[in-house]
Amino acid sequence: MSMRTLPLVFINLGGEMLYILDQRLQTQNTADDNTQKGVWSDDDRKRVMNDIIATMFSKAFMEELLKPQDLYSNRALRTVLTRLAHASIMRLNPASMDRLYELMVMAFKYQLLLCPRPRDLLIISYNHIDAIREFVRDTPSVLNQVDETHRKIIEVYTPLSDGEFQLLRQTLLIFLQDMHVRVSLFLKDKVQNPNGRFALSTTGPVPHGTEVPGLIRMFSSNGKEWKRWEFPTGGSYTSSIRVGSFERFGDRVTRIGTNMYSVTQPEETHTSKNYSQKANSEPNPLAKEELNLLARLLGGMKVQNRNTETGFRVNLFATDQEEEEAGASGTNGDQSFQVINIQATQDVQVNTELARIAGEFTGEPEQTESPEGPSNKGDDLLAMMDELIEL
């Protein structure tokens, strides 16, 4: 597993979240001023984007994020992004947050599958950073934070070898392999099958540095070509296009990672779950090690306290009724799925009994787990996260 995966996941998923929120906030901007409850003005939209981006690219947070570390699970990463989405006056209910996370993950998964070379993961990330930079172009302080993060990303990832990028890509594919949420935008464009899996095209340019397939060449022992023949490839491939810029500014060439919602109506983008197992959307307080890492990461994320009475609610569904129905279905659960609960920590009673039995063999007294042991760590860390948001 690559230890450099987390920063790219966070930046790409965060970029997709900003795309969706910006589109949704523009859709709900139906009045010139904020005179109606639930109606967003353009100033509100800019404030939300600035607040989220300022939190996302804060110096201390990014320094902690860029340290070599294992990639979090979907559950832990969703917790981080939920906190990030609520870093401003905007509020999302659990159903809308579920839908937001599904759109983010599936968009990034599709971009990852389209990535011509493992190193081009940087191009996808830079496209997201370029778009984020455009969101805050009128706020110099936040713009400087984005530029500084971009410089650090270049400094950390440019020296990596192709093999390290291949390991990074493999880690990402493992992370996303069980996500098969149907997205109406992808279904409409016929790039996703009804079972939620993507349908990749067998046409287009080949990756840079490779030749168009269809030719086999045989060489003699002295290195001279002595035979060649062609074979059907099953696709229509063309020569590779030029390489995009890996610098802080430049032509990225590819549009993978840019805002795909800029020309799409919000009503056209829906999600439909197709999991083999239905996961609990609430963070698991018993995942001690995972939350230890999460709390350390969130240690640099200080969000200014917002007055909830002046906050605004954003609905990622077409109507409030649809949002309520989605929330109800998420609460009641789907009987067609079998939920398998796996206890992440060792049971205290089992430990006590095993210690007693082991003591009989070794002659040592049994040892019980202290009340301040791992069983309470999860609750403490979750409380710590809540305190960070309230700072």
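Given the structure is predicted, the values throughout are model-derived calculations rather than measurements.
- The two residues Ser96 and Leu92 make their nearest non-hydrogen contact at CB-CD2, 4.1 Å.
- No side-chain heavy atom of Leu173 sits less than 4.5 Å from a side-chain heavy atom of Phe175.
- Contact check for Tyr157 versus Pro7: side-chain heavy atoms found under the 4.5 Å cut-off.
- In this structure Glu63 satisfies the salt bridge (charged side-chain N to carboxylate O under 4.0 Å, His left out) test together with Lys152, sequence neighbours excluded.
- A heavy-atom distance below 4.5 Å is not found between the side chains of Glu230 and Ile216.
- Taken from OG1 in Thr171 to CG in Leu71, the straight-line distance is 7.5 Å, to the nearest 0.5 Å.
- In this structure, Asp42 pairs ionically with Lys46, as a charged nitrogen and a carboxylate oxygen lie closer than 4.0 Å.
- Side-chain atoms of Arg91 and His86, non-hydrogen and from C-beta on, do get closer than 4.5 Å to each other.
- Between the side chain of Gln111 and the main chain of Ile256, no donor-acceptor pair closer than 3.5 Å is present.
- Looking only at distances, a side-chain donor or acceptor of Ser245 sits under 3.5 Å from a matching main-chain atom of Glu247.
- Using modelled atom types, one finds a donor on one side chain and an acceptor on the other under 3.5 Å when comparing Asn222 with Ser220.
- Looking only at distances, no side-chain donor or acceptor of His150 sits under 3.5 Å from a matching main-chain atom of Tyr126.
- The backbone N or O of Lys67 lies less than 3.5 Å from a partner atom in the side chain of Gln69, making a donor-acceptor pair.
- Ring centroids of Phe10 and Phe61 are separated by less than 6.0 Å, placing the two rings close together.
- For the pair Phe246 and Thr158, the minimum side-chain heavy-atom distance is 4.5 Å or more.
- A donor-acceptor pair is defined here as one N or O able to donate and one able to accept, closer than 3.5 Å; no such pair exists between the side chain of Arg252 and the backbone of Ile123.
- The one candidate from Asn12, Thr258, Asn259 that meets the side chain to side chain donor-acceptor pair (under 3.5 Å) condition with His128 is Asn12.
- Side-chain N or O atoms of Gln192 include one that pairs as donor or acceptor with a backbone N or O of Val183 at under 3.5 Å.
- For Tyr261 and Tyr19, the gap between ring centers reaches or exceeds 6.0 Å.
- Looking at Asn195, its side chain does come within 3.5 Å of a backbone N or O of Arg197 through a donor-acceptor pair.
- The list of salt bridge (Lys or Arg N to Asp or Glu O under 4.0 Å) pairs with a residue in residues 153-164, not counting sequence neighbours, reads Arg119-Asp162.
- We find that Arg137 and Glu134 are joined by a salt bridge, their nearest charged nitrogen and carboxylate oxygen being less than 4.0 Å apart.
- Between the Asp44 side chain and the Ser41 main chain, a donor and an acceptor come within less than 3.5 Å of each other.
- Side-chain contact between Thr254 and Asp120 is absent, with no heavy-atom pair separated by less than 4.5 Å.
- Ring geometry for Phe198 against Phe186 counts as perpendicular: the plane angle is over 60°, on a 0 to 90° scale with 30° as the lower cut.
- The closest side-chain heavy-atom distance from Leu77 to Leu6 is below 4.5 Å.
- Of the possible polar contacts, one joining the Asn93 side chain to the Ala95 backbone as a donor-acceptor pair under 3.5 Å is found.
- Partners of Val146 according to the side-chain contact (heavy atoms from CB on, under 4.5 Å) rule, which considers only residues two or more places apart in sequence or in another chain, are Ile53, Phe57, Ile129, Ile132, Arg133, Val136.
- With values rounded to the nearest 0.5 angstrom, Lys59 atom NZ is found 10.5 Å from Thr149 atom OG1.
- Between Val9 and Tyr72, every side-chain heavy-atom pair lies at or beyond the 4.5 Å cut-off.
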